[in-house]
Asks: 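Got a structure here, written out as structure tokens. Questions coming.
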There are 2 protein chains.
Amino acid sequence: MISTSIENYLKCIYQLEEQLAGERTDSTKGITTGAIADRMETQAPSVSDMLRKLSERGWATYEKYQGTHLTCEGRKIAIDILRKHRLWEVFLVEKLGFKWDEVHNIAEQLEHVVSGDLVDRLDAWLGHPQFDPHGDPIPDKTGVMHDKRKKKSLHDMLSGEAGVLVGLGDTSDTFLRYLDSFEIALGTRITIVERFQFDGSVQVLRNDKDKLTLSSQVAANLLLITP
Amino acid sequence: MISTSIENYLKCIYQLEEQLAGERTDSTKGITTGAIADRMETQAPSVSDMLRKLSERGWATYEKYQGTHLTCEGRKIAIDILRKHRLWEVFLVEKLGFKWDEVHNIAEQLEHVVSGDLVDRLDAWLGHPQFDPHGDPIPDKTGVMHDKRKKKSLHDMLSGEAGVLVGLGDTSDTFLRYLDSFEIALGTRITIVERFQFDGSVQVLRNDKDKLTLSSQVAANLLLITP
DNA sequence: TTCTTTTTTTAGTATTGTCTAAATTTTTTT
DNA sequence: AAAAAAATTTAGACAATACTAAAAAAAGAA
Ligand SMILES: [Mn+2]
Ligand SMILES: [Mn+2]
Ligand SMILES: [Mn+2]
Ligand SMILES: [Mn+2]
């Protein structure tokens, strides 16, 4: 039996690896103790302890001071947890009517419920959803994500370019509520009117109607598909 | 924060108290260490330790060798867990299509998910069900069970008497599957044809059609309403 | 009542996961 | 290249929960 704590660590390392894959080219250095401690809001020694345990159990490679990488088996577990997390989020939003900023903590608990059948039945009953309420792809039963969309950050788009919001670089509750206040949701069409070099902010058109200004930080976390 | 383990103990003690209330008249002696250990499939010393902790926290009264009773606050927690357990069971059977003998272990985990909103939304979305898939009453938000039915064990019914199955004295997976093999479910109408003094078994009519013989032990665990 | 059996508690140990403080190693700066 | 700063690991401790073996108390039998 895998403990809740181990599952959380594996998922965390997986997500840090995903993130790094998008940013850096060299993957020689593993995920650092510090990055994990930050993300899990825990202390570095706890992470060191856990990394030794994960490598003993064959779910991560780990050499002192070199950071860590998931093994195939570790990655499989992480993806399985992520699948459960996102499916439960869909359930909470679509069926129970929660808002997208209310589901994370609940899904954080539900993802650890273990049952051979439960996830698959949930998946089928929800109609095999492809994405969770935050636009993140839901892996299928075999761990494959069928996300063929090429997402581009609003940060990297040019004046006049338009796209539809389909993903977020940050899914924290505070950012989600911040987007609510702008009336920006998944599916919202965004067109760049003007970029300001001064502070990196952008003026955009929301759904071809309303003009608004988004900070550089917000823009960087909005991921769109452009036609 | 209340741990999963504590929640399980409180629920267990509550259910033993319920059961005892139906059997005995004197409630002076508390629920025994041994009864709890049996039901939780744990060792007596673990129970002794936990009882001391429960009484320290004000959820149970406990004096050495005298057994335990829940306090009001302890009972409130136990009922809350029971409510969650039974609502999740309804969800698993009605929405996801699980069979009644497959849901207990899953609900045993789901009952510990904590969220102010989740249970109430689940309850409303399920249409405020009164009973779980095993016929057990579901407490409302305030902890009250609205179960006005007078249940009578098949064991205590006379020849010729008839009733409708609405509850079970034992909800173990093995007993549930045993009932499946007899094609007996909640709502099944049962009429006593003949009682055998020899071994306490009864010959009954199922839904006014098929004759079958039930052992004394089965009969004792079938709870019916009689018109 | 006294002896025997059963139940319960105490004592001592193990496991898991966390933390702080101190030591060590790596990285960065001068 | 040496010194300073930052990151990481080790050491030692603690809380929660469970277990076995032994002691103590309660219940039942003779
Ligand atoms: Mn989690
Ligand atoms: Mn999500
Ligand atoms: Mn439980
Ligand atoms: Mn039930």
Side-chain angles (χ1 to χ4, degrees), chain A residues 1-13 16-17 20 24 26-69 74 77-78 81 108-109 111-112 114, chain B residues 1-13 16-17 20 24 26-69 74 77-78 81 108-109 111-112 114:
Chain A
M1 263 264 32
I2 304 180
S3 72
T4 293
S5 182
I6 286 178
E7 289 184 338
N8 284 334
Y9 274 98
L10 290 175
K11 189 177 59 144
C12 171
I13 297 167
L16 287 170
E17 280 189 331
L20 220 72
R24 296 221 169 151
D26 69 333
S27 67
T28 54
K29 271 257 153 174
I31 302 301
T32 66
T33 302
I36 298 169
D38 270 7
R39 191 172 229 269
M40 310 237 334
E41 296 181 81
T42 186
Q43 296 314 117
S46 311
V47 177
S48 275
D49 285 352
M50 183 54 84
L51 291 184
R52 197 172 317 107
K53 188 188 297 183
L54 292 182
S55 91
E56 270 165 20
R57 299 223 201 165
W59 293 325
T61 62
Y62 172 58
E63 277 176 279
K64 288 203 289 191
Y65 298 103
Q66 299 311 121
T68 187
H69 281 294
I77 298 169
I81 302 298
E108 202 60 45
Q109 300 173 66
E111 71 189 359
H112 304 292
V114 9
Chain B
M1 263 265 31
I2 305 179
S3 72
T4 293
S5 182
I6 286 178
E7 288 183 340
N8 284 333
Y9 274 98
L10 291 174
K11 189 177 59 146
C12 171
I13 297 166
L16 287 170
E17 279 189 332
L20 220 73
R24 296 218 169 153
D26 68 332
S27 67
T28 53
K29 274 254 152 175
I31 302 301
T32 66
T33 302
I36 298 169
D38 271 6
R39 192 172 229 269
M40 312 238 333
E41 295 181 84
T42 186
Q43 296 313 117
S46 311
V47 177
S48 276
D49 284 352
M50 183 55 84
L51 291 183
R52 197 172 319 107
K53 188 187 298 185
L54 292 181
S55 90
E56 272 166 19
R57 299 224 200 164
W59 295 324
T61 62
Y62 172 59
E63 278 176 278
K64 286 203 289 188
Y65 298 102
Q66 299 312 120
T68 186
H69 280 295
I77 297 169
I81 302 298
E108 202 60 44
Q109 300 174 65
E111 71 190 0
H112 304 291
V114 6

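Chain letters run A, B, ... following the sequence lines, proteins first, then strands; residues in each count from 1. As the structure is a prediction and not an experimental result, all values here were calculated from the model.
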Asks: Between B:Q43 and B:A37, what is the shortest heavy-atom contact and its length?
Replies: C-CB, 4.1 Å

Asks: Is it true that a side-chain atom of A:T68 and a backbone atom of A:T61 form a donor plus acceptor pair closer than 3.5 Å?
Replies: yes

Asks: Does a side-chain heavy-atom distance below 4.5 Å link A:E108 with A:K11?
Replies: yes

Asks: To the nearest Å, give me how far apart CG (B:L51) and C1' (D:dT17) are.
Replies: 14 Å

Asks: Taking 4.0 Å as the cut-off, does a side-chain nitrogen or oxygen of B:Y9 come that near to OP1 or OP2 on D:dA16?
Replies: no

Asks: Between D:dA27, D:dA16, D:dT8, which nucleotide has the shortest distance from any of its atoms to the side chain of A:T33?
Replies: D:dT8

Asks: Measure CG/B:D49 against P/D:dA15 and give the value in whole Å, please.
Replies: 15 Å

Asks: Can you see if the side chain of B:Y65 gets near the phosphate of C:dT10 - specifically, an N or O under 4.0 Å from OP1 or OP2?
Replies: no

Asks: Please state whether the phosphate of D:dC19, meaning OP1 or OP2, lies under 4.0 angstrom from any side-chain nitrogen or oxygen of B:T42.
Replies: yes

Asks: Report yes if at least one side-chain N or O of B:S3 is closer than 4.0 Å to OP1 or OP2 of D:dT17; otherwise report no.
Replies: yes

Asks: I want to confirm an ordering. Mapping A:G67 and B:S46 to their closest nucleotides on DNA chain D, which one lands closer to the 5' end?
Replies: A:G67

Asks: Hey, does the side chain of B:S5 come within less than 4.0 Å of D:dA16's phosphate (OP1/OP2), counting only N and O?
Replies: no

Asks: How many Å lie between CD on A:E63 and P on D:dT9, as a whole number?
Replies: 11 Å

Asks: State the pairing partner of C:dT30; accept Watson-Crick or G-U wobble contacts with both distances under 3.5 Å, and report none otherwise.
Replies: D:dA1

Asks: Considering just the side-chain nitrogens and oxygens of B:K64, establish if one lies under 4.0 Å of OP1 or OP2 belonging to C:dT10.
Replies: yes

Asks: Which whole-number value in Å describes the distance from B:L54 CG to C:dT9 P?
Replies: 13 Å

Asks: Specify the separation, in whole Å, of atom CZ of A:R52 and atom P of D:dT8.
Replies: 15 Å

Asks: Quick one: on DNA chain C, does A:T4 or A:P45 contact a more 5' nucleotide (nearest heavy atom)?
Replies: A:T4

Asks: Calculate the interatomic distance between A:M1 atom CE and C:dT16 atom P; express it in whole Å.
Replies: 13 Å

Asks: Side-chain contact test, heavy atoms from C-beta onward, threshold under 4.5 Å: evaluate it for B:I2 versus B:V114 and give yes or no.
Replies: no

Asks: For the pair made of CD1 in A:I6 and C1' in C:dT18, what is the distance, rounded to whole Å?
Replies: 14 Å

Asks: Check whether any side-chain heavy atom of A:S48 sits under 4.5 Å from a side-chain heavy atom of A:Y62, and report yes or no.
Replies: yes

Asks: Over how many whole Å does the gap from B:M40 atom CE to D:dA18 atom P extend?
Replies: 7 Å

Asks: Given C:dT20, D:dT8, C:dT8, which nucleotide is nearest the side-chain atoms of B:T32?
Replies: C:dT8

